[in-house]
Amino acid sequence: MTAVAGTACTTDKGGNPQADVTPGTATTATSPPDKSSDKASSSTDIDPCKLIEARRDLSEYGSFHRPEPQELGSARSCLWRSAAEAPFDDEPNIGLALRDTQGVETVNDVGGGVATGEVNGRPAAEAPNPRFNDCALALQIGDRSRIDINITAMDDVEQACEVARQVAYVVEPRLPG
């Protein structure tokens, strides 16, 4: 079993990323509970702005403005903008985007490949964007739904992916299924 949260961003498409040491995460040889089926509690019941409490969950990444709910195409999103005075000073913008009709298998390669794996037994896909030093990590909610964790405004794509992995471990237990 491989945990995306323990992987490095990679340029390989598909496959199973190899885990490195990630504090506070463990994988076992036993089968995790099936979190892949569409159940009555689907992504449509989730408010992305209520999945994270910035002071509690994001304090290690800096300070943030109030969460901003957004509609981005078909995604219901919430953005926590860094309160840093200068852009790209290692304090990210963190976004959550719920996609009610797209599963993790539809994550787009934006230049850095798509690495697949799991977060706490939940299927996941990570898509680094080396051109803009952004990273997206998608967690499956149901067969045809997912939540994207988007990390932007950083000066290093590897660091952005590491923040995405850490935020994924905060968000994942709060998801249905």
Would you say that L137 contacts V167 through its side chain, given a criterion of any heavy-atom pair below 4.5 Å between the two side chains? no
Considering all heavy atoms, the nearest A83-H65 contact: CA-NE2, 3.6 Å
Hey, mind stepping through R144 and T101 against side chain to side chain contact (heavy atoms under 4.5 Å, CB included) and telling me if it holds? CA-CA 5 Å; R144 293 171 303 278; T101 60; 5.8 Å; no
Point-to-point distance, once rounded to the nearest 0.5 Å, from CZ of R66 to SG of C49: 12.0 Å
Are any non-hydrogen side-chain atoms of I94 and L79 less than 4.5 angstrom apart? no
Could you list all the salt bridge (Lys or Arg N to Asp or Glu O under 4.0 Å) pairs where at least one residue sits in residues 69-78, not counting sequence neighbours? R76-D100
Suppose the criterion is salt bridge (Lys or Arg N to Asp or Glu O under 4.0 Å): which pairs have a residue in residues 50-60, not counting sequence neighbours? D57-R174
What about V170 and V163, same hydrophobic cluster or not, with Ile/Leu/Val/Met/Phe/Trp/Tyr joined at side-chain heavy-atom distances under 4.5 Å? no
Would the distance check show the side chain of N129 and the main-chain N or O of R131 forming a donor-acceptor pair, the cut-off being under 3.5 Å? yes
For P128 and V157, the nearest pair of non-hydrogen atoms, with its separation, is CB-CG2, 3.7 Å
Taking the side chain as every heavy atom from C-beta outward, state whether P67 and I52 have any atom pair closer than 4.5 Å. no
Is any side-chain heavy atom of S145 less than 4.5 Å from a side-chain heavy atom of Q140? no
Derivation of the side chain to side chain contact (heavy atoms under 4.5 Å, CB included) call for L96 and I149: CA-CA 5 Å; L96 299 180; I149 299 158; 3.6 Å; yes
State, to 0.1 Å, how close P92 and S82 come at their nearest heavy-atom pair, and which atoms those are. O-CB, 3.4 Å
Side chain to side chain contact (heavy atoms under 4.5 Å, CB included) between E158 and C135, worked out: CA-CA 8 Å; E158 295 291 333; C135 192; over 6 Å; no
Roughly how far, to the nearest 0.5 Å, is the CD1 atom of I147 from the OG atom of S77? 9.0 Å
Do any N or O atoms from the side chain of D109 and from the backbone of G111 form a donor-acceptor pair under 3.5 angstrom? yes
Rounded at 0.5 Å granularity, tell me how far CG in L51 sits from SG in C78. 9.0 Å
Does the side chain of N133 come within less than 4.5 Å of D156's, by heavy atoms? no
Answer yes or no: is there a side-chain heavy-atom contact under 4.5 Å between E91 and M154? no
Does one hydrophobic cluster hold both V119 and V104, with members joined at side-chain heavy-atom distances below 4.5 Å? no
Begin with the C-alpha distance, continue with both residues' side-chain angles, and end with the deciding distance and a verdict on side chain to side chain contact (heavy atoms under 4.5 Å, CB included) for N93 and W80. CA-CA 6 Å; N93 291 329; W80 288 263; over 6 Å; no
How far apart are the closest heavy atoms of Y169 and N120, and which atoms are they? CE2-OD1, 2.9 Å
Cluster check V110, V107: I/L/V/M/F/W/Y, side chain < 4.5 angstrom: no
Is there side-chain contact between L175 and L139, with at least one heavy-atom pair below 4.5 Å? yes
Quick one: are I151 and D134 in side-chain contact, heavy atoms under 4.5 Å? no
Residue set satisfying side-chain hydrogen bond (donor to acceptor under 3.5 Å, both in side chains) with D148, at least two apart, ordered chain then number -> R99, R146
Sequence-distant partners of Q70, side-chain hydrogen bond (donor to acceptor under 3.5 Å, both in side chains), two or more places apart: none
